[in-house]
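Values below: all heavy atoms of this structure, side chains included; hydrogens, waters and symmetry mates excluded. Chain letters run A, B, ... following the sequence lines, proteins first and then strands; every chain starts at 1.
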Protein chains: 2
Amino acid sequence: MSDRKTQFEKALLGLRSLVMSGEFTGSTRLPEVALADRLGLSRTPLRQAMDQLVSEGLLERIETGGCRAARFTLDDINDAIELRGVIEGTAARLAAERGADPAIMLDAERVLDRIDTALARPDHIDFDAYIIENAAFHQILSRLAGSQLMQREVDRVSRLPLASPSAFLREQELIPDFSASLLRAQHQHRAIVEAIRAREGARAEHLSREHARLARRNLDHLANAGPGVATRVPGLSLLSAE
Amino acid sequence: MSDRKTQFEKALLGLRSLVMSGEFTGSTRLPEVALADRLGLSRTPLRQAMDQLVSEGLLERIETGGCRAARFTLDDINDAIELRGVIEGTAARLAAERGADPAIMLDAERVLDRIDTALARPDHIDFDAYIIENAAFHQILSRLAGSQLMQREVDRVSRLPLASPSAFLREQELIPDFSASLLRAQHQHRAIVEAIRAREGARAEHLSREHARLARRNLDHLANAGPGVATRVPGLSLLSAE
DNA sequence: TAACGCATCTCTGTATACAGGATCGGGCTG
DNA sequence: CAGCCCGATCCTGTATACAGAGATGCGTTA
């Protein structure tokens with residue numbers, strides 16, 4: 001095999017991006033054979049991928065069989081953000097209380113530097129770099145807590161549908177003072193890392209929650225921009241399925 | 001089919017109890033065909049169940065293929081308890097802030113009454129009833145938050161390995177003032193429900209965290225009882241795999 | 001006697017075949 | 001003309017067949 005990826009991984013990536021693209025926003029059942037053909041693999045790995053996405057919450061089972069794209073309410077999205085803040089906050093607190101691996105701390109700070117670079121010019125923000133590095137930062141944060149379990153759960157919750165900040169970025173002009181909002185988020189990142197370094201668990205947790213609150217405020221801006229907006233934002237397009 | 005359950009559900013239940021029983025504590029790979037035969041079904045639904053248990057964290061993948069029983073450290077267990085408290089606390093706070101469904105509140109209180117009954121005589125506690133009703137309470141708590149997402153995540157986290165209180169119950173004599181500990185937990189349950197009814201979000205969250213702290217204290221008692229104990233407690237037997 | 005290599009054999013990952021049930025459309029009937 | 005019943009078709013859930021990779025054990029050789 002020239003490709004090192006397993007069929008299952010191909011199915012997972014392909015299906016996820018297909019669903020995220022909003023193609024199945026209508027609540028119809030996802031046809032297995034058609035999708036398998038389209039992705040160039042058999043039903044077996046495709047069904048595995050569907051199971052995985054169901055457990056991630058991106059798809060939901062239908063009583064009569066099969067599954068469809070999950071439909072989200074504004075409460076769902078708010079809760080996803082809330083959860084992310086709470087769980088990441090817990091991870092940050094535990095990291096501070098237990099002491100974090102210096103190597104990982106260095107990684108975190110290096111990523112923060114790259115985010116600084118992406119945000120350097122407020123009028124020409126490098127959005128692509130920001131998205132990537134921001135995701136990397138949260139990934140690294142999950143490794144700071146130490147225990148494998150906490151790491152897994154933080155990763156999980158950051159994959160919760162629509163909790164991703166990329167949706168906001170795609171419609172950044174809707175959010176007043178958008179670049180200021182990104183800068184504030186970056187300052188919070190710095191402060192969290194500093195708190196962990198200073199072994200101030202409570203402060204690290206508090207800051208993570210504030211961070212989530214900022215994300216939710218941005219979401220509110222999007223939601224208040226009217227129903228038309230949701231359909232134009234890839235990640236949020238599922239909203240309109242309601 | 002006389003049985004209404006799907007093969008997959010049979011596989012999931014059977015495999016979960018098999019793994020929880022500690023039979024695969026050794027880090028050997030779980031043989032698929034043998035297990036499928038033993039549970040009386042084919043490899044397909046068994047593999048589905050394995051995927052599910054991997055995503056629950058009870059099993060872990062092996063690089064070369066297949067999977068084995070996950071091995072947990074004390075940090076993992078502590079984190080699971082920590083997470084449960086934090087997430088349930090968030091759910092309770094949101095329920096209080098948004099207002100909870102009165103019907104579900106009634107359910108919760110009815111379950112609390114049944115727990116009271118199970119704990120009525122400190123010297124003859126009905127452990128089986130307590131385990132069942134206690135699980136039911138946490139299940140109901142997850143429905144109070146309202147949003148589907150939060151409900152799913154609370155359910156998930158309460159299934160996190162070893163976060164279950166049943167392991168403690170099986171070795172109750174090891175924990176000093178064990179019945180007092182159960183009573184305190186029950187009082188916390190009552191207080192959480194009261195806080196939600198009174199719309200005191202912060203208090204509901206705080207109480208849930210205290211609840212988790214109590215569970216961790218019980219765990220410490222078990223852990224300090226020596227390594228031999230872990231192997232005698234079904235849920236904790238995996239500890240000795242380290 | 002120990003180590004290396006080869007053959008075999010088991011096991012996983014994937015594809016495909018099969019069976020039961022649900023859905024949809026057409027025809028029949030009131 | 002509307003509603004109901006029935007058959008055909010599609011689709012999911014499950015079982016099984018197949019291919020490739022990894023492990024194991026034995027024989028051979030230094």
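The distance between atom CD1 of B/Ile62 and atom P of D/dG22, rounded to the nearest whole Å, is 14 Å. Remark: C1' of C/dA15 and CD of A/Glu32 are 14 Å apart, rounded to the nearest angstrom. Going from atom CD of A/Gln48 over to atom P of D/dT12 covers 16 Å, rounded to whole Å. Taking atom CD of B/Glu63 as the reference point, atom C1' of C/dT12 lies 14 Å away to the nearest angstrom. Between the CZ atom of A/Arg68 and the C1' atom of D/dT12 there is a distance of 16 Å, rounded to whole Å. When the P atom of C/dT14 is taken as reference, atom CG of A/Leu12 falls 12 Å away, rounded to whole Å. D/dC11 atom P lies 14 Å from atom CZ of A/Arg47, rounded to whole Å. The distance from atom CZ of A/Arg29 to atom P of C/dG21 is 15 Å, rounded to the nearest whole Å.
With 3.5 Å as the limit, one finds a donor-acceptor pair spanning the side chains of A/Glu9 and A/Thr6. A side-chain donor-acceptor contact under 3.5 Å links B/Gln52 and B/Glu56.
Of all the residues in residues 38-46 of chain B, B/Ser42, B/Arg43, B/Thr44, B/Pro45 reach under 4.0 Å from DNA chain D with at least one non-hydrogen atom.
Checking D/dT12, C/dT14, C/dT23 against every side-chain atom of A/Thr64, the shortest atom distance belongs to C/dT23. Of the candidates C/dG13, C/dA15, C/dT23, C/dA15 carries the atom nearest the A/Gln7 side chain, counting heavy atoms from C-beta on.
Residue pairs meeting the ring-ring contact (aromatic ring centres under 6.0 Å, His included) criterion with at least one member in residues 135-157 of chain B, sequence neighbours excluded: B/Phe137-B/His189, B/His138-B/His189, B/His138-B/His211. Sorted by first and then second residue, the side chain to side chain donor-acceptor pair (under 3.5 Å) pairs involving residues 103-114 of chain A (not counting sequence neighbours) are A/Glu109-A/Arg197, A/Asp113-A/Arg190, A/Arg114-A/Glu133.
A salt bridge does not link B/Arg143 to B/Asp155: none of the charged nitrogens lies less than 4.0 Å from a carboxylate oxygen.
Contact check for B/Ile196 versus B/Glu97: no side-chain heavy atoms found under the 4.5 Å cut-off.
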